[in-house]
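What follows is one structure encoded as structure tokens, with my remarks underneath.
For clarity, every value in this text was computed on a predicted model and none was experimentally measured. Basis for what follows: all heavy atoms, side chains included, without hydrogens, waters or symmetry-related copies.
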Amino acid sequence: MANDLPTDNNSELERELDRLFAAYREAIPDPVSGPDFMPTLWKRIQARTSLAANLRRWAEGFVTAAAAVCLLLAFLAASSVPQSFWVERAVASPDELASGSIPEPRTLEIAAMDNGGTNLR
């Protein structure tokens, strides 16, 4: 019951299996297991990974440089924006700010347009 195939079929399957193993042995050579086997193997592995490691280092460098440029540009943009008139007055006179007599920024824009676009500074 363990073997339902006829014996002729079994011997044919065994021959086919032997042919497959022989073809496999021919296709894949035996590894040379001399004293230089492991150092040679490690050199081959490192040669493959060195390209990936170099690309990773370059990518990290570019990301760092991009972050530094972004921070520099953000600092320059923040420091070069002129303060508006109402902010300067609010800082100069906290009592005026508390009393509510400083106009809203939109009111200042309308006033500037009425004056022919003169600067309120």
Side-chain angles (χ1 to χ4, degrees):
M1 285 247 170
N3 218 351
D4 292 340
L5 296 174
T7 57
D8 290 337
N9 246 355
N10 282 342
S11 62
E12 185 179 325
L13 287 175
E14 286 179 16
R15 283 190 300 255
E16 181 65 27
L17 188 59
D18 288 337
R19 280 192 295 257
L20 285 174
F21 282 141
Y24 177 78
R25 275 188 234 109
E26 288 175 16
I28 299 177
D30 292 332
V32 177
S33 58
D36 290 338
F37 175 71
M38 286 306 288
T40 306
L41 180 64
W42 278 111
K43 284 179 187 175
R44 287 174 41 200
I45 291 171
Q46 287 176 347
R48 288 182 185 169
T49 57
S50 67
L51 176 64
N54 285 337
L55 287 176
R56 181 182 174 113
R57 271 189 239 118
W58 276 97
E60 287 173 355
F62 282 131
V63 167
T64 304
V69 168
C70 286
L71 286 174
L72 177 68
L73 291 176
F75 175 74
L76 289 175
S79 65
S80 67
V81 174
Q83 291 182 345
S84 63
F85 175 73
W86 66 275
V87 173
E88 288 177 3
R89 285 190 59 194
V91 172
S93 175
D95 294 332
E96 259 186 298
L97 178 63
S99 69
S101 63
I102 297 177
E104 293 293 319
R106 183 69 182 144
T107 308
L108 292 174
E109 290 175 15
I110 293 171
M113 289 181 352
D114 288 343
N115 291 334
T118 60
N119 193 357
L120 294 176
R121 288 182 131 227

Original post:
About how many Å separate CG of Leu20 and CG of Leu13, when rounded to the nearest 0.5 Å?
Top reply: 10.5 Å
**OP:** Establish whether Trp42 and Phe37 are linked, either directly or via other cluster members, by ILVMFWY side-chain heavy-atom contacts under 4.5 Å.
**Re:** yes
Subject >> Test: Glu12 and Arg15 ion pair at under 4.0 Å >> reply: no
Original post:
Rounded to the nearest 0.5 Å, how far does NZ of Lys43 lie from CG of Asp36?
Top reply: 7.5 Å
Original post:
Would you say Phe21 and Ile28 are hydrophobically clustered, going by side-chain heavy atoms of ILVMFWY under 4.5 Å?
Top reply: no
